[in-house]
There are 4 protein chains.
Amino acid sequence: MNVETKISAVRAPQQGRSRASFERMLIAAEELMSERGTDDFTLNDVGKRGKVSIGSIYCRFDSKDDLVRAVQTRVLERVNAEQLAMVERARTEASDLVVLVDRLVEGTAESLRRFADVMRPFMLRASTDTVVAAQGKARYVEIADAVCAALLEHTAEIAQPDAERAVHSAYRILYSSIARYLGFGSTMGSAWDGDWQILKEDLARMIAAFLTMPPRIA
Amino acid sequence: MNVETKISAVRAPQQGRSRASFERMLIAAEELMSERGTDDFTLNDVGKRGKVSIGSIYCRFDSKDDLVRAVQTRVLERVNAEQLAMVERARTEASDLVVLVDRLVEGTAESLRRFADVMRPFMLRASTDTVVAAQGKARYVEIADAVCAALLEHTAEIAQPDAERAVHSAYRILYSSIARYLGFGSTMGSAWDGDWQILKEDLARMIAAFLTMPPRIA
Amino acid sequence: MNVETKISAVRAPQQGRSRASFERMLIAAEELMSERGTDDFTLNDVGKRGKVSIGSIYCRFDSKDDLVRAVQTRVLERVNAEQLAMVERARTEASDLVVLVDRLVEGTAESLRRFADVMRPFMLRASTDTVVAAQGKARYVEIADAVCAALLEHTAEIAQPDAERAVHSAYRILYSSIARYLGFGSTMGSAWDGDWQILKEDLARMIAAFLTMPPRIA
Amino acid sequence: MNVETKISAVRAPQQGRSRASFERMLIAAEELMSERGTDDFTLNDVGKRGKVSIGSIYCRFDSKDDLVRAVQTRVLERVNAEQLAMVERARTEASDLVVLVDRLVEGTAESLRRFADVMRPFMLRASTDTVVAAQGKARYVEIADAVCAALLEHTAEIAQPDAERAVHSAYRILYSSIARYLGFGSTMGSAWDGDWQILKEDLARMIAAFLTMPPRIA
DNA sequence: TATGAATGAGTATTCATTCAT
DNA sequence: GATGAATGAATACTCATTCAT
């Protein structure tokens, strides 16, 4: 696995026929990666499934790594659109901090769950591919910022002295726990111990407790 | 990557010379995996670094997979020994729940951090190798149980209605957050956002808050 | 040596350049097998001799076994074409049974002798590779049937009560004796005892005697 | 497969314990070769099955080839003893040439059949191992001579002008046909076309006809 | 631009043989 | 002698990438 830092050089065509085969490449690659991870598929597989020639793929992408990163871009686009919409809905509809926390935990959890299969390969790859890691992080930050902004609209209800830091920690912990459950980092196979429902409930409780309970006087 | 369920059949010699070369294999393999992951090294690399012939390796292990799993076993042995000792120290020395939480968070975080490089490859591999995943989970459960038992010695201080569930959720979230920071599941490369110190502090606060604050009346 | 039953999946190209390199592979493989048998050559050898890359070979054949079987198919094609032509000539030109037997023995013997080097490897391999064995047998039966049909045109001259059975036995014995002399089954190396000319003569005499002499009354 | 001409250098021990383990090596090797042929077994297999160390094997034999040839010697010893006894019985008990032919065909066929599994590996190997081929041939000649001598006791009944040549041709053809049926040269897998009983009958008839029918006047 | 045949470096694994104990 | 651990050359097969058509 090459860990090139070189930014991907995708050449997306605008015209109909080319556009269509370009699309098929990306879809085929995405499917294959969801099924087998970023390593266990070949460009021949992509060609076969997408009804595209190897040559065509190399017309559009400089390398297999490039293709992987392009697929990641598309996937994260979808994920972020959905998550930002979810945050927006929660923000406008939640009356108080605790309810907002509930909705954000639920929304984040279910959204990530829906995308788990397509995101997992990139999450795993991130540990060896810095380009994938960087893009993942940039997109993570977008959502983190949106979530934190929503929570900070209720700063008055936050008991922690540094509200900004507190909400960022909260989101980080929320994301980590969900991601691990879904097997992104996998650790113990995707079917972790414990129960999805319990995880969501306790995450919500924990975050709510953390934000609303004043820290002990040292 | 083979996802065999067959348990590894390691043939460990007891005598001096053999034992020594056996040791060198495992050390070389462990180093290589820490540096490059479980896939990007060859048995020839192991042979070269460990001053052993490939044939010797195949005398001891049925396959490369077998070697990987054997190294995992050794690593987890060390990790668990240290973590269980840490838990025991925290348990006996901490006077109240909050202090105990502090020490467990700190201890867990620092211990995992120390072992991050050797554990990471197995964590990543777990998503495709069920044998590695199973062994990882079994070892995780051991520590989780020890930590939870320590916390449950302070059941009186726990405000959550179901103390057992609460401590398990707490440890799970603690582990997930630390692991993600250390890049086990990585997501965004090991150099995550945020700060190690802050993560530890806020995890401790959050868990303490969760355990000690009574849940809201619905 | 794999004894797969899967039928070989050869992908023969039709166009000029591809066709030529495909041809070179098969020729190189055939030569190597004639010289060293079906086991003692590597695909790298084939590549080197045929000026083809190993990759190219794997483009055309699924495995080394596949290549071996493909070469067998080609060889048997040539052998059968020649033998069937020979039988046809003998059939039309021979006036009576004894003359026909003479010509068939001579024709079969000389034809097999000409092809001995290319056929030998497959004959030997047949004992462990059922696919090779099956193809060999199918091609053997074709010629056996042609020879027997030719002989049965002289049923009136055959003294054996069951003429069909008799001619089949005759051909079987003829084939076995020639094949063994040529070292197909080898036994004692190709340079057997006895003399080629004598073998042919006595085979002809024996078959003629068998077919024309009435069985003793029990 | 090395085709060394060097004569095998077996060092057979005379003492009890050594003798026993020597015996076990040979038995294990013979069994393995009957089951898998002369190539598809390892010296480790021999060691394991015969409860002997690899080193011990190399104490007695210079190489794997050497072991194979030693086993061949033992096997042919048994085969020849049985066949010679069979020929002797047939010789003394048969009253006339035709009856003798019948008994020799039957006896040869059944004897070879009984030994088919142990002989087959050597027959196949003979085509690439000249030492095995030479030994095989020498032992073949012994029996051929005995059979021919028995037949020549009935020279008066033999109509062929050159009785010596005729009986040798007869035996050669007999042996070839039986051997091929039993899959020594295998050709088409051991289960050839046709039927064992028919083969034996027609071989007997053919040889009898050949020996007793005067050749046509040219 | 598109194709897909061709390339060939790279890798896990086997096994006859050696040799220190 | 006996043992069996160690050796390492050898080999089938994969797949990202190139390039002639």
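Note that the structure is predicted; figures quoted are calculated from it, not measured. Sequence lines set the chain letters: A, B, ... in the order given, protein chains first and strands last, and positions in each chain run from 1. Side-chain atoms are counted along with the backbone in the values below, which use heavy atoms only and exclude waters and symmetry mates.
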Residues two or more places apart in sequence or in another chain: which of them pass side-chain hydrogen bond (donor to acceptor under 3.5 Å, both in side chains) with B:Asn44?
-> none

Quick one: side-chain hydrogen bond (donor to acceptor under 3.5 Å, both in side chains) partners of D:Glu30, sequence neighbours excluded?
-> D:Arg78

Sequence neighbours left out, what pairs pass ring pair (Phe, Tyr, Trp, His ring centres under 6.0 Å) with at least one residue falling in residues 18-54 of chain D?
-> D:Phe22-D:Phe61

Where the side chain of C:Ser21 is defined as all heavy atoms beyond and including C-beta, which of E:dT13, F:dT17, E:dA6 is the nearest nucleotide?
-> E:dA6

Please determine, for the side chain of B:Tyr58, which listed nucleotide (E:dT3, E:dA12, E:dA6) has the closest atom?
-> E:dA12

In residues 42-55 of chain A, what residues come within less than 4.0 Å of DNA chain F, judged by heavy atoms?
-> A:Thr42, A:Leu43, A:Ile54

Whole angstrom is fine here: how far is it from [atom1] in [X] over to [atom2] in [N]?
X	N	atom1	atom2	value
B:Asp40	E:dA12	CG	C1'	15 Å
D:Ile57	F:dG4	CD1	C1'	11 Å
B:Asp62	E:dT14	CG	P	9 Å

In plain terms, say whether C:Asp39 and C:Lys64 are close enough for a salt bridge, that is, a side-chain N and a carboxylate O under 4.0 Å apart.
-> no

Salt bridge present between B:Asp129 and B:Arg69 (N-O < 4.0 angstrom) = yes

What pairs with D:Glu35 under salt bridge (charged side-chain N to carboxylate O under 4.0 Å, His left out), at least two apart in sequence or on another chain?
-> D:Arg49

Could I get the full list of salt bridge (charged side-chain N to carboxylate O under 4.0 Å, His left out) partners for A:Glu23, not counting sequence neighbours?
-> A:Arg19, A:Arg74

Quick one: side chains of residues 50-57 of chain B, donor-acceptor pairs under 3.5 Å with protein atoms, not counting sequence neighbours, listed by atom name and distance.
from    : atom 1 : to      : atom 2 : distance (Å)
B:Ser53 : OG     : B:Ser56 : N      : 3.2
B:Ser53 : OG     : B:Ser56 : OG     : 3.0

Check DNA chain F for consecutive Watson-Crick or G-U pairs with both distances under 3.5 Å and list the runs of at least three as stems.
-> E:2-21 with F:2-21

